[in-house]
Amino acid sequence: MFKDYLRKQGIFNRQDCLCVLLEKGGVRAALVTAKVGYGVVRTWSKGLGRQESLQQLLAEILREETMKNCRQLLFILPETEVLLKCLTMPVMPQQELREALRWEAQQYAPWREGTYELAIQTGQVREEQQLVLLAAVPLAMLNSLRQLSRELKLNLLGVTVRPLAQAAFLQQQKENFLLMQAEDDYCNLKVFLDGLPVLAERSAYDAESAAKAIERLTESCAENYGVVLRDIFFSGKQKLWPQGLQIFGGREYCLTQVAFAGSFSWQGALATPEERETYANQCLDMAGAALLTEDQENWLNFCGSSRQAVFWTQWSRRIAVVVLVCLTVSCGALYAWQRQQAEQLNALASQLADLEMWQQRYLLDRQQKQQLQFWQDSLQHLRDSRLCWGELLSVFGRTVPENCWLTGVEQKEKGELLVSGKAEDGALVQQLLVNWQQSGKFAAAELTGAGAGENGRQNFTVKLRTGGQQDE
C-alpha cells in the first residue's frame with residue numbers, strides 16, 4: 001500500500017520521463033511514458049554547437065508540444081566518462097563489501113580520493129563468490145547534472161551508466177548474453193552476466209573478425225566464470241548475419257536483432273518490423289534506463305531522486321506539526337503533575353524536619369561514592385580489555401597481499417586474536433605473516449594451522465598477539 005502511494009506521488013517513475021544519453025559532441029534523448037505500461041513516445045539525436053550548452057539543447061527539447069507533461073529527468077553516462085570495473089569477491093556483509101571496494105576503487109580510479117562518487121551493484125552468488133560491479137564518477141560532473149535539473153525545473157530520477165541500461169532492456173528476454181553493437185567501421189562486443197558487463201572487446205566490422213571476437217569472449221566467459229553463452233543480441237543499420245542459429249568455432253549461437261519486447265512498446269504511429277528495429281537501436285539505452293528505475297533499492301544510481309527529497313520534506317513538516325501539538329499537551333500535563341508533586345513535597349518536608357537529616361545525607365553520600373568507584377573500576381576494566389577494531393581493519397587492509405583473503409577474526413584472550421583465511425598458495429601466507437610482524441601493530445604472528453582448500457587454495461589459521469611498537 002505504501003509503495004502504491006509512492007507511485008501516485010511520482011516517486012516510482014509513474015510520470016513521463018526524459019531519458020538523456022550523453023555522447024561526445026551531443027546527446028541522444030527519448031521521451032518515455034509509464035502511465036499504461038512502458039513506451040517510447042519520441043526520440044531526438046542532437047549535436048552541440050560551439051556556442052550552445054547542454055542546458056540550451058535540453059530546453060529546446062522541452063519546449064516541444066509532446067513534452068508538456070514531462071516532469072522527470074534521467075541521465076545515462078557513457079563508459080568513457082565513468083570508471084567501471086567488474087570484480088569477483090567473496091560473499092560478505094554489505095557494509096564490509098563497501099569498505100573493501102572503497103580500497104579497490106583507490107587502485108583503479110583516475111581521480112583523487114574524495115573527488116568522486118562510488119556506487120556498486122552485485123550479481124548472483126556462485127560457489128561462495130559473487131560478481132560485483134564497481135562504478136565511480138567525478139563529483140564535479142554529478143553536481144553539474146544536479147544543477148542542470150534544477151535549472152530545467154525537472155525532478156532528477158537518477159544518473160546511471162550505459163551498460164547497465166542496455167542490460168536492463170535485454171534482460172527482459174535473457175539473463176546472460178553477448179551484445180554486439182555495429183558502428184560505422186567497427187563492432188563493440190560486451191558480455192553480460194546477471195546484468196553486469198564482465199567482458200568487452202572491439203573488432204573490425206566484418207564477419208570474420210566479429211566471429212573470432214565472439215569465440216574469444218565466449219571462451220573467456222566459460223573459463224573465468226563457468227558460464228557458456230549461447231545468446232547474442234546485435235544492433236546496427238547493417239547486419240553481418242541473419243537472425244537465427246549460427247555456428248562460430250564449432251559452437252551454435254542464437255542471434256537476435258534488438259527490437260522492442262517485454263515491457264516496452266513503440267507509442268508512435270504503426271511501423272513495420274524493420275522500422276521497429278530501427279527505433280529499438282535508437283532507444284536501447286534510454287528505454288533500459290527507464291526499466292532500471294523499477295527497482296529503487298538495487299539499481300546503480302549515483303544520486304538520489306530530488307522528488308523523493310521533496311516528498312520526505314513535506315512529510316517531515318507534517319510530522320513536526322504533530323510533534324509540536326503532542327509536546328504542548330504533554331507540557332500542560334507535566335505542569336499539573338509538577339504542581340501536585342510540589343504540594344506533596346511540602347507536606348513531606350514538614351515531616352522530615354524532626355528526623356536526623358544530616359546522618360541520612362552522610363549515608364547517602366557514602367553509598368554514591370561506593371557506586372561511583374564501582375563504575376570507574378568497571379569502565380577501566382572494559383578500557384583495558386577492548387580492542388580498537390577500526391585500527392585492526394586498517395592494518396589488515398594494508399598488509400593482506402593480493403589473492404589472499406581473511407574469512408574470520410576471533411578474539412580469544414586479552415590481546416590475542418585468531419585469524420582464519422584462504423590464499424592462492426603458501427607463499428602468500430608466509431608473506432602475510434611477514435607483513436604483520438613488520439607492521440608494528442602485533443607483538444607476534446604465529447601460523448597455527450594450514451591445509452588444502454577448495455579450487456587448489458590453501459586455508460590457514462594465524463594467532464596474533466597485539467602490543468607492537470605502534471601501541472607503545
Side-chain angles (χ1 to χ4, degrees), residues 19-25 27-28 54 74-90 92 94-124 129-149 156-169 178-179 181 183 186 188-202 217 220-221 224-225 284-286 288-289 292-293 295 297-304 397-398 400 402-403:
C19 300
V20 180
L21 171 64
L22 303 179
E23 294 183 318
K24 185 176 181 180
V27 298
R28 279 197 290 132
L54 179 59
L74 181 61
F75 284 108
I76 306 107
L77 301 179
E79 300 92 319
T80 56
E81 299 295 335
V82 298
L83 166 69
L84 288 179
K85 189 71 176 178
C86 197
L87 305 172
T88 302
M89 302 287 290
M92 62 181 71
Q94 192 71 11
Q95 186 63 32
E96 295 182 12
L97 179 62
R98 285 189 170 275
E99 183 66 20
L101 290 176
R102 187 176 67 85
W103 290 96
E104 293 287 344
Q106 296 177 11
Q107 301 179 21
Y108 299 111
W111 311 289
R112 184 168 48 86
E113 184 178 5
T115 62
Y116 57 88
E117 182 74 16
L118 187 65
I120 64 172
Q121 183 163 329
T122 57
Q124 296 181 3
Q129 299 288 321
Q130 63 179 343
L131 288 177
V132 181
L133 180 65
L134 175 66
V137 65
L139 284 175
M141 176 181 291
L142 275 183
N143 294 332
S144 65
L145 295 179
R146 290 191 182 102
Q147 180 64 26
L148 178 60
S149 64
L156 181 60
L157 275 180
V159 179
T160 189
V161 292
R162 187 180 186 183
L164 294 183
Q166 295 170 341
F169 185 87
L178 187 147
L179 173 62
Q181 291 179 291
E183 304 295 342
Y186 61 90
N188 283 323
L189 299 99
K190 302 174 190 173
V191 173
F192 290 88
L193 299 182
D194 305 330
L196 303 181
V198 296
L199 297 171
E201 186 173 332
R202 174 178 290 189
L217 288 174
S220 297
C221 183
N224 297 327
Y225 302 102
L284 170 63
D285 308 307
M286 287 74 77
L292 282 175
T293 62
D295 191 352
E297 295 181 357
N298 298 323
W299 73 297
L300 193 148
N301 182 10
F302 284 109
C303 61
R398 295 193 309 267
V400 175
E402 189 73 16
N403 297 323

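Values in this document were obtained by computation on a predicted structure and should not be read as measured data.
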Next item on the list: Would you list the pairs meeting side-chain hydrogen bond (donor to acceptor under 3.5 Å, both in side chains) in which at least one residue belongs to residues 131-144, sequence neighbours left out?
Entry: N143-R146
Check: Rounded to the nearest 0.5 Å, how far apart are CG of D194 and CG of L131?
Finding: 6.0 Å
Checklist line | Spacing of CG belonging to L134 relative to CZ belonging to R98, to within rounding of 0.5 Å | finding: 10.5 Å
Next item on the list: I would like to know whether F192 and L178 meet side-chain contact (heavy atoms from CB on, under 4.5 Å); could you show each step before the answer?
Entry: CA-CA 6 Å; F192 290 88; L178 187 147; over 6 Å; no
Using atom types as modelled, flag every donor-acceptor pair under 3.5 Å from a side chain in residues 157-165 to any protein atom, sequence neighbours excluded.
residue : atom : partner : partner atom : Å
T160    : OG1  : L300    : O            : 3.0
R162    : NE   : D285    : OD1          : 3.3
R162    : NE   : D285    : OD2          : 3.2
R162    : NH2  : D285    : OD2          : 3.3

Next item on the list: List for me each residue that meets side-chain contact (heavy atoms from CB on, under 4.5 Å) alongside P138, sequence neighbours excluded, and say none if there are none.
Entry: W111
Check: Are more than 12 heavy atoms from other residues, nucleotides or ligands located less than 6.0 Å from atom CD of Q95?
Finding: no
Next item on the list: Search all heavy atoms of L196 against all heavy atoms of C86 and return the closest pair with its distance.
Entry: CB-SG, 4.4 Å
Next item on the list: Can you sort out the partners of E117 under side-chain contact (heavy atoms from CB on, under 4.5 Å), two or more places apart, ordered by chain and number?
Entry: V137, L139, L142, F302
Check: Does the side chain of L189 reach to within under 4.5 Å of the side chain of L199, using non-hydrogen atoms?
Finding: no
Note to self: Applying side chain to side chain donor-acceptor pair (under 3.5 Å), can you list everything that pairs with E99, at least two apart in sequence or on another chain?
What the structure shows: R102, W103
Note to self: Are the side chains of E79 and K190 in contact, using a 4.5 Å heavy-atom criterion?
What the structure shows: yes
Check: Mind checking what makes side-chain contact (heavy atoms from CB on, under 4.5 Å) contact with Q130, not counting sequence neighbours?
Finding: L97, T122, V125, V132
Next item on the list: With sequence neighbours left out, write down each residue that passes side-chain contact (heavy atoms from CB on, under 4.5 Å) with E81, or none if nothing qualifies.
Entry: P78, M141
Notebook entry, point to check: After noting the C-alpha distance and the side-chain angles of Q94 and I120, does the key distance pass the side-chain contact (heavy atoms from CB on, under 4.5 Å) rule?
Noted result: CA-CA 10 Å; Q94 192 71 11; I120 64 172; 3.7 Å; yes
Next item on the list: Tell me, please, which residues at least two apart from Q147 pass side chain to side chain donor-acceptor pair (under 3.5 Å).
Entry: R150, E151
Check: What closest approach, in Å, do Q129 and T88 show between heavy atoms, and which atom pair accounts for it?
Finding: OE1-CG2, 3.6 Å
Item checked: Stepwise side-chain contact (heavy atoms from CB on, under 4.5 Å) test for L74 and L156 -> CA-CA 6 Å; L74 181 61; L156 181 60; over 6 Å; no
Checklist line | Residues forming a side chain to side chain donor-acceptor pair (under 3.5 Å) with Q106, sequence neighbours excluded | finding: E113
Note to self: Using 0.5 Å steps for rounding, measure from the CG atom of L217 to the CD atom of E201.
What the structure shows: 5.0 Å
Checklist line | Verdict with supporting geometry, L87 and L101, side-chain contact (heavy atoms from CB on, under 4.5 Å) | finding: CA-CA 9 Å; L87 305 172; L101 290 176; 3.9 Å; yes
Check: Would you say V191 and P197 make side-chain contact, with heavy atoms under 4.5 Å?
Finding: no
Note to self: Restricting to side chain to side chain donor-acceptor pair (under 3.5 Å), what partner residues turn up for R202, sequence neighbours left out?
What the structure shows: N188
Next item on the list: List for me each residue that meets ring-ring contact (aromatic ring centres under 6.0 Å, His included) alongside F75, sequence neighbours excluded, and say none if there are none.
Entry: none
